[in-house]
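Worksheet for the structure shown next.
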Amino acid sequence: MQQIHEKINHWYLNNQRDLPWRRPGVTGWAVMVSEFMLQQTPVVRVLPVWEEWMKRWPAPEDLAAEPLSEALKAWGRLGYPRRAQRLHAAAVEITTEYNGQVPQTEAELRRLPGVGDYTAAAIACFAFGEPTVVVDTNIRRVQARLFGGMALPEPSPRASEFARAREVQPAGRREANLWNISVMELGALVCTARSPKCESCPVFDDCAWIAAGKPEPHYTPKGQAWHGTDRQVRGAIMAILREHEDPVPETTFLTDLSTQTHAMYVALGKLESPLEQRERALAGLLKDGLAVAEPDGVRLPS
DNA sequence: GAAGCGTGGGT
DNA sequence: TACCCAAGCTT
């Protein structure tokens with residue numbers, strides 16, 4: 001196991017990306033913002049938004065002082081705007097409950113809105129050097145191949161994966177810290193989901209998946225539908241709301257929302273009309289607190 | 001535990 | 001083109 005530690009750590013030290021939230025001296029807040037943005041979103045799309053965000057709101061209290069609408073607009077087209085909502089809520093909580101300081105323990109972080117098991121472990125590890133057990137989609141995939149001999153991990157995280165991550169983690173604070181980021185980076189750059197670069201992998205000779213002859217996945221991932229879904233309509237509505245300071249009349253959504261045609265609905269075999277779906281999608285946004293209804297229209301929450 | 005939640009680039 | 005997938009979280 002120690003040989004594997006050394007190989008992967010050495011690979012990381014020579015191949016890591018120069019990401020701004022990894023640079024020396026970055027704050028816990030900077031790491032936290034990056035982790036929220038990186039939830040289900042690729043690095044290349046996060047980079048410019050993170051730069052602007054940190055320039056405008058260098059500390060939690062700066063964001064907490066702003067209305068939610070500003071966070072949602074700055075979030076732009078990153079996707080999953082509820083992440084911006086939760087990041088804003090977390091900033092308020094940090095300001096009021098933690099004197100503006102991002103908590104450093106995994107347990108405290110875990111209680112913040114939008115912070116799950118992964119994000120809590122990641123912030124504690126990357127920002128504060130805690131030897132937490134970090135398990136993200138990259139690490140799960142590396143583990144599945146390197147130790148499990150499988151093409152892909154199970155669709156959802158299992159307790160056994162956390163147990164194994166804990167077992168293979170090297171002793172020592174700094175050692176665990178380096179190991180976590182190294183395995184994650186290996187999964188992101190070499191041990192990728194599609195067309196992994198096994199020929200340039202530092203642990204090719206140790207890989208159980210290679211030894212087994214690279215068997216195919218034991219299941220077929222089910223893709224997420226998009227065209228004609230509520231999510232598409234919600235996204236279109238949010239895009240309009242971000243563009244307008246004043247309340248937007250509901251009729252605007254019915255005329256300007258060119259996400260799909262009635263013909264597409266017929267093709268999809270939907271019994272529901274586009275109008276009905278838009279009403280429902282808007283109701284969902286209102287319920288989620290991502291939009292607010294006023295007498296003269298709908299706007300982003302303040 | 002499954003479902004719902006945005007977006008855009010790569011293959 | 002259509003589908004896959006990207007440092008997940010919440011209900």
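Side-chain atoms are counted along with the backbone in the values below, which use heavy atoms only and exclude waters and symmetry mates. Chain letters run A, B, ... following the sequence lines, proteins first, then strands; residues in each count from 1.
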Exercise. Looking at residues at least two apart in the chain, or sitting in another chain, which of them share a side chain to side chain donor-acceptor pair (under 3.5 Å) with A:Glu130?
Worked result: A:Arg173
Problem set entry | Heavy-atom pair of closest approach, residues A:Asn138 and A:Met184 | CB-O, 3.5 Å
Problem set entry | Residue pairs involving residues 51-105 of chain A (criterion ring pair (Phe, Tyr, Trp, His ring centres under 6.0 Å); sequence neighbours excluded) | A:Trp53-A:Trp57, A:Trp53-A:Trp75
For this session: Sugar-phosphate atoms are those with a prime plus P, OP1 and OP2; base atoms are the rest. Using that split, label each nucleotide of nucleotides 3-9 of chain C B, S or - for protein heavy atoms under 4.0 Å, 5' to 3'.
Result: -BSBBBS
Problem set entry | Reference residue A:Lys73; test salt bridge (charged side-chain N to carboxylate O under 4.0 Å, His left out); the match among A:Glu245, A:Glu243, A:Glu52 | A:Glu245
For this session: Could you list where the contact with chain A starts and ends along DNA chain B, reading 5' to 3', using a 4.0 Å heavy-atom cut-off?
Result: B:dA3 to B:dG10
Problem set entry | Results of side chain to side chain donor-acceptor pair (under 3.5 Å) for A:Glu161 - residues two or more places apart only | A:Arg140
For this session: Provide the distance between the two P atoms, one in B:dG8 and one in C:dC9, to the nearest whole Å.
Result: 23 Å
For this session: Under 4.0 Å between any heavy atoms, over every strand shown, what does A:Leu78 touch: base, sugar-phosphate, or nothing? Just pick one.
Result: base
For this session: Could you name each residue pair satisfying ring pair (Phe, Tyr, Trp, His ring centres under 6.0 Å) that touches residues 142-194 of chain A, not counting sequence neighbours?
Result: A:His5-A:Trp179
For this session: Using the closest heavy atom to pick a nucleotide of DNA chain B for each, name whichever of A:Arg83 or A:Ser156 lands nearer the 5' end.
Result: A:Ser156
Exercise. Which whole number of Å gives the distance between the P atom of B:dA3 and that of C:dA7?
Worked result: 23 Å
Problem set entry | Worked verdict on A:Arg83 versus A:Thr41 for side-chain hydrogen bond (donor to acceptor under 3.5 Å, both in side chains) | CA-CA 11 Å; A:Arg83 292 182 294 163; A:Thr41 303; 3.0 Å; yes
Exercise. Between the main-chain N or O of A:Gly187 and the side-chain N or O of A:Arg141, is there a donor-acceptor pair closer than 3.5 Å?
Worked result: yes
